[in-house]
Amino acid sequence: MAELGNNPHITPDSIRERIQGTFPGDVGIEPLEISEDRARGSIVVDRRHLHPGGFVHGGVWVALADSVAAWGTFRNLPVGYDFTTVELKLNVFSAGREGDELVATAEPRHIGRRTQVWVVDIHRGDRRMALFTLTQFVIAPEGA
């Protein structure tokens, strides 16, 4: 296996380009910071992010957290490797509303050859809104 670690090609600018025309880009998720130890992104809640009751839809929480953790995962993969999410868990502690800026911060708990585990805190200002944990399965390129 190739060496794990810093893939310097994964930056907020490269992710911004990469997500254009894809689900994270279309819903307005914005990369803020990406390093081996942390990834951060945000979304400003608008009407399309709400369920009919007027609060942030569960899928939006997951999309934000999963996207930000994915950026950290990419940063920690050898070039040419990929991954897929195999498990996720979300706890929402407070309802998000239109106009809120939600900021997600992902930090790795395990970076291995076959799996990565990330924890994501989502905040509105100083208030923790949600906590998300996910496991990524690392996929080697053909022949590796």
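Values below: every heavy atom of this structure, side chains too, minus hydrogens, waters and symmetry copies.
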Is the shortest heavy-atom distance from the side chain of [X] to the side chain of [Y] under 4.5 Å?
{"X": "Trp118", "Y": "Asp66", "value": "no"}
{"X": "His49", "Y": "Glu98", "value": "no"}
{"X": "Ile10", "Y": "Ile15", "value": "yes"}
{"X": "Pro31", "Y": "Ile19", "value": "yes"}
{"X": "Phe55", "Y": "Arg97", "value": "yes"}
{"X": "Phe74", "Y": "Asp82", "value": "yes"}

Partner of Leu64 under side chain to side chain contact (heavy atoms under 4.5 Å, CB included), chosen from Val120, Val27, Ile43: Ile43

Hydrophobic cluster identity match, [X] and [Y], side-chain contacts under 4.5 Å:
{"X": "Leu88", "Y": "Trp71", "result": "yes"}
{"X": "Phe83", "Y": "Leu134", "result": "yes"}
{"X": "Val119", "Y": "Phe132", "result": "no"}

Hey, is [atom1] on [X] packed in by over 12 heavy atoms from elsewhere, all under 6.0 Å?
{"X": "His123", "atom1": "NE2", "value": "yes"}
{"X": "Arg47", "atom1": "CZ", "value": "no"}
{"X": "Glu107", "atom1": "CD", "value": "yes"}

Restricting to non-hydrogen atoms, name the atom on [X] and the atom on [Y] that form the minimum distance, rounded to 0.1 Å.
{"X": "Val44", "Y": "Gly99", "result": "CG1-O, 4.4 Å"}
{"X": "Phe93", "Y": "Arg128", "result": "CE1-CD, 3.6 Å"}
{"X": "Ile29", "Y": "Ser67", "result": "CD1-OG, 3.7 Å"}
{"X": "Pro108", "Y": "Asp37", "result": "CD-O, 3.3 Å"}

NE2 (His57) and CG (Leu50) are apart, to the nearest 0.5 Å, by 10.0 Å

